[in-house]
Amino acid sequence: MNKHGIALAADSAVSISDGQKVYHTAEKLFKLSNAPIAIMTYGCAEIMGVPWEIAIKTYVKQFGERRFPTVEQYALDFLRFIETSEMLFPVSVQDEWFSSVVESVLKANIRDQWKKKLGGEPKSHCRKAASLLLQTIKNEITSLQKILPIEQLDHAFGEKVISDHAEIIQKLQDSLFQDVALSDEISDALNLLVKLLHTRQWFHPDHFSGMVFAGFGEPEPFPSLYIYSVGTVVSSKLRWAKADEAHVDRKHPVIIIPFAQTDMIDLFCSGIHPTLKDRLADILSKHLPHPKGKAPSKSRSKVVQKDVMTAIEKEFQVKYTLPLISAVEVLSCHDLAKMAEALVSLTAFKARMSVEQQETVGGPIDVAIIAKCEGFTWVKRKDMIKHGDATAFLMP
């Protein structure tokens, strides 16, 4: 983004079967009617079994000619639509996904960990088994309590989740922990765990989606961007949290933000690979000469590492980041589009050449630009068919 507008680019790769199969057919970039707003997705390609493409296009169809003062209001209106769409997410489907999420957590994080701790203890030691189970649950509760709460979902919502799904929770307890008698204390701890799963900014990795809303509010002269983490609908409430926001202004004339797989774009923007940057200070501090050949104390090592990183970051800021910002600041929207497409192509090329990671970025790249007066314009799209010098657009 710069003061002229926004360019967005998205690949078409989507993985299924725990990442074992990759298809290059996903739609990740969408136009919001005639408003100067784009919606882009990353992470899971679906929400509760419904492709984001279907959910977003259903929303776009009913959006009409409405306008909002800020990009954030467009985003919140969409999230409310998802939350209240009984056609897409009826209560029966919400219950199924609730059961699936809770069962997977209780299996992997509680039951399996508990049985590992229990080891070969004889079943007669039921008191010890119950004690270990309670401690395992409390450990998970402690971990969840360190995660920020979801602002719009308070304690009362947590209580409603337990009340609405009491029968499901009881069945899961009975099936997963049939080897031990569950005391009231254990049941209460399990209920607290379920509350925290749904009121904290924790999203099941298999169901997590990132959503990006970018564009112009009606009175806004420069573009803005909002990023949200989105989970599932539970008890008629969508679990979401604002992850970040960015605004072009006089102090911040250029903004470049990668999503999902970010290392190559970070490398381009900063001049150093993030993994190497994280290790560089430690590597240098270990190999710097020390007085009398003695290794420095831990406190001294930390001081050296901090000084080294400060110097490195300053050097890269001056030599790489600031010149890049100066160059991008004057680009037109179409030049921004070329840059955005090139960065996604670079990430896809890196994934293709890597022997250590799956090719989860690739396929055709969709590119769009948004300008204040012209609004949203497709620059490149999967369903464009070229005939010589002419280009036909096949719109849905």
Side-chain angles (χ1 to χ4, degrees), residues 5-12 14 23 25-94 97 207 209-218 220 223-234 236-240 242 259 364-385 391-396:
I6 309 171
L8 303 104
D11 72 311
S12 305
V14 59
Y23 291 95
T25 57
E27 295 282 346
K28 301 180 183 180
L29 179 57
F30 304 90
K31 175 184 179 182
L32 179 53
S33 296
N34 293 319
I37 298 291
I39 303 175
M40 191 161 62
T41 68
Y42 62 95
C44 187
E46 298 183 343
I47 173 171
M48 298 170 68
V50 178
W52 276 115
E53 178 183 0
I54 300 299
I56 292 171
K57 289 182 177 179
T58 302
Y59 172 71
V60 169
K61 189 174 181 180
Q62 58 85 52
F63 184 79
E65 299 299 320
R66 288 181 290 156
R67 295 292 183 271
F68 294 112
T70 66
V71 175
E72 185 173 27
Q73 285 175 286
Y74 284 99
L76 294 176
D77 189 70
F78 172 78
L79 295 172
R80 279 192 294 268
F81 167 80
I82 294 296
E83 182 174 270
T84 58
S85 180
E86 294 184 5
M87 178 186 69
L88 294 175
F89 311 108
V91 173
S92 58
V93 171
Q94 294 180 35
W97 281 82
H207 309 148
S209 295
M211 301 215 67
V212 180
F213 296 82
F216 295 82
E218 279 297 290
E220 295 175 335
S224 297
L225 176 145
Y226 288 80
I227 309 163
Y228 295 87
S229 300
V230 180
T232 54
V233 181
V234 182
S236 299
K237 290 288 185 180
L238 177 64
R239 298 184 62 254
W240 61 267
K242 183 165 70 174
F259 305 100
I365 298 173
D366 290 335
V367 187
I369 56 177
I370 309 173
K372 177 63 178 176
C373 297
E374 292 80 5
F376 184 107
T377 305
W378 285 109
V379 175
K380 188 176 181 181
R381 200 175 181 191
K382 282 187 286 292
D383 53 11
M384 293 179 181
I385 301 177
T391 300
F393 292 80
L394 304 182
M395 304 301 288

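Not measured: the values here are computed from a predicted model.
The ring pair (Phe, Tyr, Trp, His ring centres under 6.0 Å) test with Tyr59 is passed by exactly one of Trp52, Phe81, Phe30, Tyr74: Phe81.
Annotation for Leu8 and Ala214: closest pair CD2-CB, 4.1 Å, computed over non-hydrogen atoms. Ala368 approaches Trp378 most closely through the heavy-atom pair CB-CE3, 4.0 Å. In this structure, Val71 and Gly215 approach most closely via the heavy-atom pair CG2-O, 3.3 Å. Of all non-hydrogen atoms in Gly5 and Pro223, the two that sit nearest each other are O-CG, 3.9 Å. Closest of all the heavy-atom pairs between Val50 and Ala55 is CG1-N, 4.2 Å. The shortest non-hydrogen separation linking Pro36 to Arg67 is CD-NE, 4.4 Å.
Two residues are said to be in side-chain contact when any heavy atoms from C-beta on lie closer than 4.5 Å; Val230 and Ile82 fail this criterion. For the pair Leu76/Tyr226, no side-chain contact is recorded, criterion being any heavy-atom separation below 4.5 Å from C-beta on. Contact of the Met211 side chain with the Ile39 side chain is registered, since non-hydrogen atoms from C-beta on lie closer than 4.5 Å.
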Kindly determine whether Phe216 and Ile370 satisfy side-chain contact (heavy atoms from CB on, under 4.5 Å), including the steps that lead there. CA-CA 8 Å; Phe216 295 82; Ile370 309 173; 3.9 Å; yes

Report the C-alpha separation of Val212 and Leu225 in whole Å, then their side-chain angles, then the decisive distance to 0.1 Å, and conclude whether the side-chain contact (heavy atoms from CB on, under 4.5 Å) test is met. CA-CA 7 Å; Val212 180; Leu225 176 145; 3.8 Å; yes

Would Asn34 and Glu65 count as a side-chain contact (heavy atoms from CB on, under 4.5 Å) here? Give the steps. CA-CA 7 Å; Asn34 293 319; Glu65 299 299 320; 3.4 Å; yes

Applying side-chain contact (heavy atoms from CB on, under 4.5 Å), run through Glu27 and Ile56 and close with a yes or a no. CA-CA 10 Å; Glu27 295 282 346; Ile56 292 171; over 6 Å; no

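Note that CG of Leu238 is 10.0 Å distant from CD of Gln94, once rounded to the nearest 0.5 Å. Atoms CG and NZ, from Asp366 and Lys382 in turn, are 3.5 Å apart once rounded to the nearest 0.5 Å. Atom CD1 of Ile47 and atom OG1 of Thr232 lie 7.5 Å apart (nearest 0.5 Å). Within the model, atoms NE2 of His207 and CZ of Arg239 stand 11.5 Å from one another, a figure rounded to the nearest 0.5 Å. Distance check: Ile6 CD1 to Ser224 OG gives 7.5 Å after rounding to the nearest 0.5 Å. The OG1 atom of Thr84 lies 10.0 Å from the NZ atom of Lys237; values are rounded to the nearest 0.5 Å.
A salt bridge links Glu72 to Lys242: at least one charged side-chain nitrogen sits closer than 4.0 Å to a carboxylate oxygen.
Looking only at distances, a side-chain donor or acceptor of Lys372 sits under 3.5 Å from a matching main-chain atom of Glu220. Judged by distance alone, with hydrogens and angles left aside, the side-chain atoms of Ser209 form a donor-acceptor pair with the main-chain N or O of Cys44 at under 3.5 Å. Checking side-chain atoms of Glu53 against main-chain N and O of Ala26 turns up no donor-acceptor pair under 3.5 Å.
Taking the six-membered ring where tryptophan is involved, the planes of Tyr228 and Phe213 are perpendicular, since the angle between them exceeds 60° and thus also 30°.
In the displayed structure, Glu218 atom CD is contacted under 6.0 Å by more than 12 heavy atoms of other residues, nucleotides or ligands.
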